[in-house]
Protein chains: 2
Amino acid sequence: MALEDRVRELAGEVQPPDRDAAAKARERQLVLTKPPGSLGLLEELGMQLAGMAGEAPPPVPVNPAVVICAGDHGVLARGVSPWPQEVTAIMVRNFCAGGAAANVLAGTVGARVSVLDVGVAVDLEQRPLLRTAKKRYGTEDLSRRPAMSREDAAGAVISGAGVAEELIESGVDLLVTGDMGIGNTTPAAALISAFTGRPPKETTGRGTGIDDETFKLKVRVVEEALQLHEPDPADPLGVLAALGGLEHAAIVGLVLMGAVYGVPVVLDGVVSNSAALVAHTLASDCMGYLIAGHLSTEPGAAEALRYLGLEPVMNLSMRLGEGTGGLLAVPVVQAAASVLKEMATMEEAGIG
Amino acid sequence: MALEDRVRELAGEVQPPDRDAAAKARERQLVLTKPPGSLGLLEELGMQLAGMAGEAPPPVPVNPAVVICAGDHGVLARGVSPWPQEVTAIMVRNFCAGGAAANVLAGTVGARVSVLDVGVAVDLEQRPLLRTAKKRYGTEDLSRRPAMSREDAAGAVISGAGVAEELIESGVDLLVTGDMGIGNTTPAAALISAFTGRPPKETTGRGTGIDDETFKLKVRVVEEALQLHEPDPADPLGVLAALGGLEHAAIVGLVLMGAVYGVPVVLDGVVSNSAALVAHTLASDCMGYLIAGHLSTEPGAAEALRYLGLEPVMNLSMRLGEGTGGLLAVPVVQAAASVLKEMATMEEAGIG
């Protein structure tokens, strides 16, 4: 089957969450030993988790994993980032050696780390944590031509989905999306503008940290890309191929496969948020399985989450990527499920 | 020594955090494998933890504990809460049996639970998690007379401090403040108005959930209390005795003793925030050891944190108390320390 058809098939397998289980969880929230609603977003998350799992109380996720999808970006040639392309590969090695922020935060929350090379510009030596499914050595400059072919975009989606499936089959019960790719906030901004309709000056941010002049250039680059490709939101794979990155595509696959399995998918920041827009357009039912781990300081993140109707769990003014913001939300998700499973009811405690 | 003098002595023992260690941590943030500042509040927390510990990188807190301070409130007679006083004792039993939200969230983040009865209106049977240091069977109605004597307020501070010291001596390296007391958001609002100068209508909230009429009454009760006592912020123990609760006083003691030992104290919501105002006035250096675990939906919480200059870690629209919001921040604090301790530097990774 052609890769595009496989993506469509995967999207078609996503089922809406179980409303009855969510409703049952809602009722249970009302009889636990707390004023109704007093746990705020934690109560909402608990009901959402019940819907995903199809049971109330939902199981507590105990085997989280972050998948850091990595790729390079032809648009870097336009000067949109102060960091050289080599840093993508260096950081992949850093993940494999356990020295990056994502490794540290994964350790804090007990998550395993996988790295998926779908498009790093150089060949990387094999490492235990690294999976290689390289489609190309980085994308093309999206401001001049399509970032990649539809086939490559679809292939990266399928690779991301494959890693998710393998992890879930091996016992992972919560996925955190992560990204690494110098220059990848530029395609993220372009995707967010394409799907939300917000102008590039509102979706583009300073990424790893750029000066005013570079920021203006970056906005212009995104504007040029949108003018060149005239993206059609009704063709999500076409938009992804024209404007996206290979790691963005792989994250679309993580989201779709997580949703197919009914496993919660915790989104990291702006790159994951932009990928979620693609996934949402491919299969709107996947929304029920998505949790916005945090609100990145990149302005496109807020635009994407608003469009998707997702409330972020964390808001720590972070903008690192790698899955770091998503990882910090993991204990909150676990707590939300545990509340439903373990708290005493009013009746049990002798209230009322 | 009189109890008041013991409080003053304790406050006098608080030393400012170590600026050199904080500065050293700040330098280290700049050379780790991430764009400077990209971990946002996590980087700030890391520097603060270094200052508390007097070393950079700071130790990672691995033995957190929540102390749930419990007391009853004479002001309940004014009808400020829909819940009967008996629920305080029922919830203390629920904590001891492990069935409350605080127990569940403590389990999620690996914290031990202690309950301190400084003023529950009934005698409670002994339980392994319960410490009894009851000063009175609840407070007086603060809208009609002082809530308690200065001696009782000071005694509850010393009891809270004693529990903190005992826990720290037994290996606890992070304290989360918790509270239980039906009616205790009314004294919290009164304390916050007294110290910040904000009017009661801006510091009073709906607590466990009250209707418009009860809310108006609650604001009026706080206004009456302030008019009656004319609290002088320069006399923090006097303000605490006139307007506070015994659990608020015990939390003041937790804060002060945590600061004396250089142990991070993670504040829960509005009751803890109001106690922090008292502690801050007694010993402004204790601020360096305080972390605002979350922003409660109670409006007084935002006023108190703004006054104290504290940025909340979590914001999940929670308003339960018990330490629940503080507990959810524990992994973030641990992550902040771990980043400094475990991340590779740019040089180690071969960048630059």
Side-chain angles (χ1 to χ4, degrees), chain A residues 32-45 60 82-84 86-87 90-91 93-94 97-101 103-105 107-109 207-209 297 311 313-322 324-325 327-328 330-332 334-335 338-339 341-345 348-351, chain B residues 32-45 60 82-84 86-87 90-91 93-94 97-101 103-105 107-109 207-209 297 311 313-322 324-325 327-328 330-332 334-335 338-339 341-345 348-351:
Chain A
L32 298 174
T33 44
K34 59 179 174 53
S38 61
L39 284 177
L41 186 58
L42 215 56
E43 297 193 18
E44 301 295 326
L45 281 173
V60 179
W83 299 81
E86 297 80 69
V87 171
I90 289 173
M91 285 304 298
R93 293 190 186 101
N94 197 15
N103 300 96
V104 174
L105 271 50
T108 301
V109 305
T208 49
T297 56
E311 187 79 31
V313 175
M314 312 293 303
N315 185 355
L316 298 174
S317 301
M318 287 167 55
R319 53 179 170 81
L320 178 57
E322 303 182 0
T324 50
L327 283 163
L328 287 176
V330 168
V332 178
Q334 292 170 324
S338 296
V339 159
K341 203 156 198 104
E342 297 170 22
M343 270 185 75
T345 63
E348 286 163 358
I351 301 177
Chain B
L32 297 174
T33 44
K34 58 180 175 54
S38 61
L39 284 176
L41 186 58
L42 215 56
E43 297 193 19
E44 302 294 327
L45 282 173
V60 179
W83 298 81
E86 298 80 67
V87 171
I90 290 173
M91 285 304 298
R93 293 189 186 102
N94 198 16
N103 301 95
V104 174
L105 271 49
T108 300
V109 305
T208 49
T297 57
E311 187 79 32
V313 174
M314 311 293 304
N315 185 355
L316 297 174
S317 302
M318 286 167 56
R319 53 180 171 82
L320 178 55
E322 303 181 1
T324 50
L327 283 163
L328 287 177
V330 169
V332 178
Q334 292 170 324
S338 296
V339 158
K341 204 157 198 104
E342 298 171 21
M343 270 186 76
T345 63
E348 286 163 358
I351 301 176

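In what follows, every chain begins at residue 1, and chains take the letters A, B, ... in the order their sequences are listed. Just so you know, these numbers use all the heavy atoms, side chains as well, and skip hydrogens, waters and symmetry mates.
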Between [options], the one whose heavy-atom pairs under 4.5 Å with chain A are most numerous:
options: B:Pro84, B:Gly350, B:Pro35; value: B:Pro35
options: B:Ser317, B:Gly107, B:Ala97, B:Ser38; value: B:Ser38
options: B:Lys341, B:Glu322, B:Glu311, B:Met318; value: B:Met318
options: B:Leu39, B:Val313, B:Leu328; value: B:Leu39
options: B:Lys34, B:Met91, B:Arg319; value: B:Arg319
options: B:Thr324, B:Val104, B:Leu41; value: B:Val104

- [ ] Taking all heavy atoms of A:Ala349 and all of B:Ile90, pick out the closest pair and write down the distance.
- [x]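 Looks like O-CG2, 3.3 Å.
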
TODO: Can you sort out the partners of B:Thr108 under side chain to side chain donor-acceptor pair (under 3.5 Å), two or more places apart, ordered by chain and number?
DONE: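 Partners of B:Thr108 by the side chain to side chain donor-acceptor pair (under 3.5 Å) criterion come out as none, since no residue qualifies.
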
Task: Option in A:Ala100, A:Gly40, A:Pro82, A:Pro36 with maximal non-hydrogen atom pairs under 4.5 Å from chain B - done: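 Answer, by heavy-atom pair count under 4.5 Å with chain B: A:Gly40.
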
Task: Heavy-atom pair count under 4.5 Å with chain B, highest-scoring of A:Leu316, A:Asn94, A:Val339 - done: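 If we count pairs closer than 4.5 Å to chain B, A:Leu316 comes out on top.
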
Open item on the list: Any heavy-atom pair between the side chains of B:Val332 and A:Met314 that's under 4.5 Å?
Closed with: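 Side chain of A:Met314 against side chain of B:Val332, heavy atoms only: contact under 4.5 Å found.
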
